[in-house]
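For reference, the structure is listed below as structure tokens.
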Amino acid sequence: MTNVEIAAVLAKIADLLEILNENPFKVRSFRRAVETVSGLAEEATELVAEGRLVGLPGIGKSIAEVITELVRDGRTAHLDDLLEKVPESLLEMLRVPGFGPRKASVVYEQLGLTTLDELEAAARAGQLRQLPGFGAKTEQKILEGIELVRAGQDRWLLGEALPLAEEFVARLRAHPEVLAAEMGGSTRRRRETVGDLDLLATSNDPAAVCAWFAREGGLATVEMAGDTKVSGRTERGLQVDLRVVKPESFGALVNYFTGSKEHNIRLRERAQRMELTLNEYGLYRGIAEDKGDQVAGENEEGIYAALGLPLIPPELREDRGEIEAAEAGRLPHLLTDADMRCDLHMHTNASDGQLPLAEMVAAAREYGYSHIGITDHSASLYVANGLDRDRLWAEIQAIRELNAELGDFTVLAGIEADILSDGTLDIPEDLWPELDFVIASIHQGFSQDADRMTARVLKAITSDRMDVLGHPTGRLVLERPPYGLHLDDVLDAAREHDVAMEVSSSPHRLDLNDAHCRLAVERGVKLCINTDAHGPKELALLRYGVMTARRGWVEAPSVINTWPLPKLRQWLGQRRRA
DNA sequence: GCCGTTTTCGGCCCGACTGTTTTCAGTCG
């Protein structure tokens, strides 16, 4: 059973416990475990085998037993018992905004409703308004909510949401009454998908800013426009919430809305132990009703400082050990965009790219790199017009000629070689010494089982003819799960043979993902962050790979793109001299 | 169910909004 499947079961248990009105702290425990398992880079199967489950954040004896059962039998008695009391189909109702576990419990107990369809029918028939705690308005909101669920637009790619958020923030900052503006939520934490945009601003006249934003802030529809809050949707239906507060609370607001929720809870618990209270308006002396003077709140640094912590970068705020690290002064010095000296994976129209070599190189040069790598597809990828031996040799020579003209900019001659079904690399033997580097990727035979897929990749790595494993897990965000691969084994081999793992920066890929980046670096494996650009516009996407690596606690030295060219050449040369 | 710089038992974050309500439960972030 995969970690994703285990996390789904734990989430299901949490939902069912909530519907059954169980102890809320028990529910919270399961939710915490969902986060922990989702963030695991290692397979839970391995942790179970080695007895390392207990002790992970939020995983005690009971939940460890549930996970062990799942790994061993593919099912758990805990879930089975709950499903005897509540039908599973009831859970789909929880996706309806404003419709939570208590209401689900009521419609099930009193009307016997078990599915979204039945809920919709009952709402249309006016049957819900007679239930306790329900009214005509609730009924109407439920119908609207079901519509949204059916439309299916609840998660957006970071690559779609972030540019929109940046535009909104820029527009806010340009307004004369706005003193400062920032984005919050999972967009600011750079999660790979986001549900909505949170925009935060400060002004001495919040009402004026809200009124202006509702009118001409760029929303297609406005659902609510108050003196401190505006919410609506963009043309494509993405939910946007703006909140505006006075300056003394801005840092607290940004901190609060940046989350994650679990990180916030940890901060508030910490505040409480220090006899302070943290809320979205500030950090105050005293606790609960006795809270007094504001200690901090104008900016985030001040809040963290008052809690005895350095500022924690938003990308790390997931309660994955960042508070402990901050406390111990061991926060990572995260990789930045400015550290990136090159992009080592891009295509020209020799294979399936848009531009000829010289134009693609010119486009990449605009990004201020000192060097880049050109990596067209290898011969076996017919659909992408992969290069056969003669065309590859021609490209290598063209790159050499180009370098002679370029002066202080260098183009490395690479290839994106297919890892064939039997694990051999699709590279003409006599041209391997002529290539500066090799990215090897899987493009076909996705359906092989995990053992075969792993054996295939291990054979490629141990051939010592490749430098980087391209988009290692093959997943597409929101579209396609990763192919089965025992990543632990792959990482071990990669360290031994000094092969880097690619972080493919396309918002559709982000492969490796954040948790895998963290595991790879912890295992001593190097990363290579690339765009895999097929045209000039995609060259701009490198920052998404950097964001993913930052979420994986990655520091610049682990990323070969940050090395000066001589160091990179030396590393690549070791394999070739061996 | 988890967890420990007062704890192996007794705590467990904080506030706003909404709708249904004459004082509050449910939902959300």
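Each chain gets a letter, A, B and so on, in the order the sequences are listed, and its residues count up from 1. Atom set for the values below is all heavy atoms of this structure, side chains included, hydrogens, waters and symmetry mates excluded.
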- Query: According to a strict under-4.0 Å criterion, is A:Ser62 in side-chain N/O contact with OP1 or OP2 of B:dC2?
  - Reply: yes
inquiry  = Need one value for A:Pro24: base, sugar-phosphate or nothing, where a base atom within 4.0 Å counts as base even if backbone is also close, heavy atoms only.
reply    = nothing
- Message: Categorize A:Phe30 for me: base, sugar-phosphate, or nothing, with a 4.0 angstrom heavy-atom threshold over every strand shown.
- Response: sugar-phosphate
Notebook entry, point to check: With a 3.5 Å cut-off and just heavy-atom distances, do the side chain of A:Tyr256 and the base of B:dG29 make a donor-acceptor pair?
Noted result: yes
- Below 3.5 Å, does any donor atom in the side chain of A:Asn23 face an acceptor in the base of B:dG1, or the other way round? yes
Pairs: protein N or O with nucleotides 21-26 of chain B N or O, under 3.5 Å:
none

Protein-proximity profile, nucleotides 5-10 of chain B, B/S/- by nucleotide at the 4.0 Å heavy-atom cutoff, equals ------
Under a 3.5 Å limit on both distances, the Watson-Crick or wobble mate of B:dT8 is none
Assign each of A:Ala136 and A:Gly58 the nucleotide of DNA chain B bearing its closest heavy atom; nearer the 5' end lies the nucleotide of A:Gly58
On DNA chain B, more 5' by nearest nucleotide between A:Glu139 and A:Arg32 is A:Arg32
Regarding A:Arg233 and A:Thr221, is there a side-chain donor-to-acceptor distance under 3.5 Å anywhere? no
All N/O donor-acceptor pairs, side-chain side in residues 516-523 of chain A, below 3.5 Å, sequence neighbours left out:
residue  : atom : partner  : partner atom : Å
A:His516 : ND1  : A:Asn513 : OD1          : 3.2
A:Arg518 : NH1  : A:Arg320 : O            : 3.2
A:Arg518 : NH2  : A:Arg320 : O            : 3.3
A:Arg523 : NH1  : A:Asp492 : OD1          : 3.4
A:Arg523 : NH2  : A:Glu42  : OE1          : 3.2
A:Arg523 : NH2  : A:Asp488 : OD1          : 3.0

The nucleotide from B:dC12, B:dT20, B:dA16 with an atom nearest the side chain of A:Tyr281 is B:dA16
>> Both conditions, 6.0 Å and 45 degrees, for the charged tip of A:Arg28 above the ring of A:Phe25: are they met here?
In response: no
